[in-house]
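What you are looking at is a predicted structure, and each value in this text was computed from that prediction instead of being measured. Keep in mind that the numbers below use all heavy atoms, side chains included, and drop hydrogens, waters and symmetry copies. Letters A, B, ... are given to chains in the order of the sequence lines, protein chains preceding strands, and every chain is numbered from 1.
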2 protein chains.
Amino acid sequence: MAGGARSASVVDVAAEAGVSLGTVSNVLNRPERVSDKTRFKVEQAMARLGFVRNESARQLRAGQSRLLAYVMLDVANPFFTDVAQGIDAAATEHELSLFLCNSANDAGREAAYLTHLSQQRVQGILVTPVDPYSPLLEEIVKHTPVVIVDRTRNDHRFCSAAADDVAGGRLAVEHLIDRGHTRIAYIGGPPSLGQVRERHEGALLACREAGLAEDALLHIGTDGLGFADGREAGERLIGIPAKRRPTAAFCANDLVALGLLQQVSLSGRTVPDDLAIVGFDDIDFAGAAAVPLTSVRQPRRELGRTAAEALLDEASNPDHEHRQVTFTPELVARRSTVT
Amino acid sequence: MAGGARSASVVDVAAEAGVSLGTVSNVLNRPERVSDKTRFKVEQAMARLGFVRNESARQLRAGQSRLLAYVMLDVANPFFTDVAQGIDAAATEHELSLFLCNSANDAGREAAYLTHLSQQRVQGILVTPVDPYSPLLEEIVKHTPVVIVDRTRNDHRFCSAAADDVAGGRLAVEHLIDRGHTRIAYIGGPPSLGQVRERHEGALLACREAGLAEDALLHIGTDGLGFADGREAGERLIGIPAKRRPTAAFCANDLVALGLLQQVSLSGRTVPDDLAIVGFDDIDFAGAAAVPLTSVRQPRRELGRTAAEALLDEASNPDHEHRQVTFTPELVARRSTVT
DNA sequence: CCGCCTTATTGAAAGGTTTCATTGACGTCG
DNA sequence: CGACGTCAATGAAACCTTTCAATAAGGCGG
């Protein structure tokens, strides 16, 4: 880092180059209006002084930045990084930069990021919220375009892009029932997550429609939706006496499913013979597991791209109307349920 | 978004509350110096006007932000998200926010992010660079603390935290040689990545030390270090006539190894009997694959945390000295190489 | 050779916050 | 009752850039 000297400003550059500060600014912003000779002088001066434009001052004057941000629930979950890539693609096309923020499923962190971003006057914020009905979101959307990703609010106060989690849960369990299973586990948590609740709801629906008994669906709760949670749930599942033990499991996401798969394999059991497994999200690792995982596919990149495009419309189109896009998920059957 | 009205400033709040703007600022920054009654009035006024502090102006005056950024090579690679979590932990302890930027292995994107961040006057930048010797990095480190993650420069112009990739590559191949393999593939690319080159170098070293023939190590190049690249390399590998085909593969990272594993399994072959596989990084998915993957472990979170701490020292300690921390990787043997 | 037009450059103002030296009010002590 | 000390509130200055109306210089046609 530089020693003590304050970093050079346009005024310093102007003095060094022997021109006015307006000219320096022109070199920066409208180089075509400056004669070659002058521009050269100014560029030399900038190089000598190590001038770095101050983005804060620039933005203060300009009032806006060319910046988008995505506040994601879990940066370690490939589902969200894929969504982020979709957002990134759209942002790049519009020559905007994207910052990623990891709330790590913590409402406090999420709030801090949202506040900071709105104070930073970013063009817009995409967020997969811990709680889509948080009052802070309503507060922020008054000033800054906000689009909700992977969740939907049924008032129409936000744009959103999400998959139909109820339908997805239903698909998964219908598939298991089709394959003859009548004792099925639903594995996931915490229930504070809408994703967990809705996928469960879909699972229940499928059971009901198939006329299964009330207790056909066994809910095994987990603390989170990571790998370790899946393994731990696996242990508990294996601990259940064989005659009562479910013959199939539907996991709230693929990380949990992969953890479960691993635990079951380690215990010497076979998937799908001893336990059939369905995941959710269809991340790349699902299809690539050595027992490829049946999963409910969400269009991950598409989700991100759609959300980003809605955001850009909200940010630039004066008569923008909020829209809630819902994607219908799709079952991808693989060996973890099919012999 | 709000209608047409410009968003309220401290001046507007002051007028609304019937106090001076200095008082509003005090409410914001030193609430204890303001009488309860006045503070209440001001807070009411803020709420009525929907005041949102302008971070640009604040920073312009303050000169600094409480912001760190990590420019990562590939947000879709769990290795880097784990590193990011380590950075995040350290940042959180110091009450700093962390922004993540995905360069996606593109030097142009990396440059754009680095420039933007330094103009934004962030406290510091962590970066896993496409090329650690890029002149732009040297330029930026003159003004903004920069720490290199997962790479090292051997001049001492930057702090860095990285694992010893040569040693890692050597470990991997020594392990394979120990298990009796004499025809080994090294799978990875592009060679522009230091990680790819150095792990290869380590592999060569191991071969040489074991006295294997020059052509014992077959280099199979890939375009990148993703899943798909591993699968594609798998096809090529399988295409080699059995008697010349390597009996083991060392992959430049776990994503490639998992792709390879999948392709080999799909072709009806068995790991490790038909092909032993070693990966690199030991991401969670490696141990969790149904044929658990032998891998070279890097202390991922530790790497991030160490880098972040070096950065914080550089940012706050006037007589900071650059240090290059190198971690020694460790082989984790699992079933993909051990029957 | 003058007036006009074009092109290049100028300098002041604005943008919203924080800081700090100063003022004002009020209570207390001598 | 006056001087002093404390606490609260004030408002001007500074941070750095961009914009824009105004000026200066230079070239051309008449």
Side-chain angles (χ1 to χ4, degrees), chain A residues 2 5-43 45-46 49-67 115-116 118-122 143-144, chain B residues 2 5-43 45-46 49-67 115-116 118-122 143-144:
Chain A
R6 297 209 30 64
S7 79
S9 76
V10 279
V11 177
D12 304 323
V13 173
E16 174 81 11
V19 300
S20 80
L21 102 182
T23 301
V24 177
S25 179
N26 281 334
V27 170
L28 251 20
N29 302 297
R30 298 177 214 71
E32 74 283 1
R33 292 207 195 155
V34 179
S35 72
D36 289 357
K37 202 183 58 177
T38 308
R39 189 174 20 161
F40 183 73
K41 271 197 306 187
V42 172
E43 280 162 356
M46 285 180 175
L49 270 54
F51 170 75
V52 178
R53 204 189 214 157
N54 184 322
E55 180 67 20
S56 296
R58 169 191 176 67
Q59 219 174 272
L60 173 57
R61 190 67 233 267
Q64 265 239 342
S65 65
R66 300 202 52 78
L67 208 58
T115 304
H116 189 128
S118 78
Q119 292 184 353
Q120 191 103 255
R121 306 293 200 263
V122 296
H143 324 287
T144 308
Chain B
R6 294 214 35 64
S7 79
S9 77
V10 278
V11 177
D12 303 324
V13 173
E16 174 81 11
V19 300
S20 79
L21 101 182
T23 301
V24 176
S25 179
N26 281 334
V27 170
L28 251 21
N29 302 296
R30 298 177 216 71
E32 74 283 0
R33 292 204 194 157
V34 180
S35 72
D36 288 358
K37 202 184 58 176
T38 308
R39 191 178 19 174
F40 183 73
K41 270 197 308 187
V42 172
E43 279 163 356
M46 284 179 175
L49 296 171
F51 170 75
V52 177
R53 204 190 215 156
N54 185 323
E55 179 66 20
S56 296
R58 169 190 175 68
Q59 219 175 275
L60 173 58
R61 188 66 233 262
Q64 264 238 341
S65 66
R66 299 203 53 76
L67 208 58
T115 305
H116 189 128
S118 77
Q119 293 184 353
Q120 191 103 254
R121 305 293 199 265
V122 296
H143 324 287
T144 308

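Heavy-atom contacts of chain B under 4.0 Å fall on DNA chain D between two terminal nucleotides, which in 5' to 3' order are dA8(D) to dC16(D).
In this structure, Glu32(A) atom CD and dT6(C) atom P are separated by 18 Å, rounded to whole Å. Remark: P of dT18(C) and CD of Gln64(B) are 15 Å apart, rounded to the nearest angstrom. If you take CZ of Phe51(B) and P of dG15(C), they are 15 Å apart, rounded to a whole angstrom. Remark: P of dT19(C) and CG of Leu21(B) are 12 Å apart, rounded to the nearest angstrom. Protein atom CZ of Arg58(B) is 16 Å distant from nucleotide atom P of dG16(C), rounded to whole Å. To the nearest angstrom, C1' of dT9(C) lies 15 Å from CG of Asp36(A). Atom pair Leu60(B):CG and dT18(C):C1' shows a separation of 10 Å (rounding to whole Å applied).
Contact of the Thr38(A) side chain with the Thr23(A) side chain is registered, since non-hydrogen atoms from C-beta on lie closer than 4.5 Å. The closest side-chain heavy-atom distance from Gln120(A) to Gln59(B) is below 4.5 Å. Taking 4.5 Å as the limit, every side-chain heavy atom of Leu28(B) sits out of range of all side-chain heavy atoms of Arg58(B). Between Val42(B) and Val19(B), the closest side-chain pair of non-hydrogen atoms falls below 4.5 Å.
The residue Arg30(B) sits close only to the backbone: its heavy atoms come under 4.0 Å of sugar-phosphate atoms, none of a base. Across all strands shown, Ser35(A) has heavy atoms under 4.0 Å from sugar-phosphate atoms exclusively, and none from any base. Residue-level contact check: Asn29(B) touches the backbone only, with heavy atoms under 4.0 Å from sugar-phosphate atoms and none from bases. Looking at heavy-atom distances under 4.0 Å, Val24(A) makes no contact with the nucleic acid at all.
Heavy atoms only, all atoms of each residue included: Arg121(A) and Val52(B) are closest at NH2-O, 3.2 Å. Closest non-hydrogen pair, Ala45(B) versus Glu16(B), comes out as CB-CG, 3.5 Å.
Between Val24(B) and the options Val13(B), Val34(B), Val11(B), a side-chain contact (heavy atoms from CB on, under 4.5 Å) holds for only Val13(B).
Using a 4.0 Å cut-off, no side-chain N or O of Ser9(B) falls inside it from OP1 or OP2 of dG16(C).
Projected onto DNA chain D by closest heavy-atom contact, Ser25(A) and Gly18(B) fall at different nucleotides, the more 5' of which corresponds to Gly18(B). Mapping Arg121(B) and Asn26(B) onto DNA chain D via the closest heavy atom, the residue that lands nearer the 5' end is Asn26(B).
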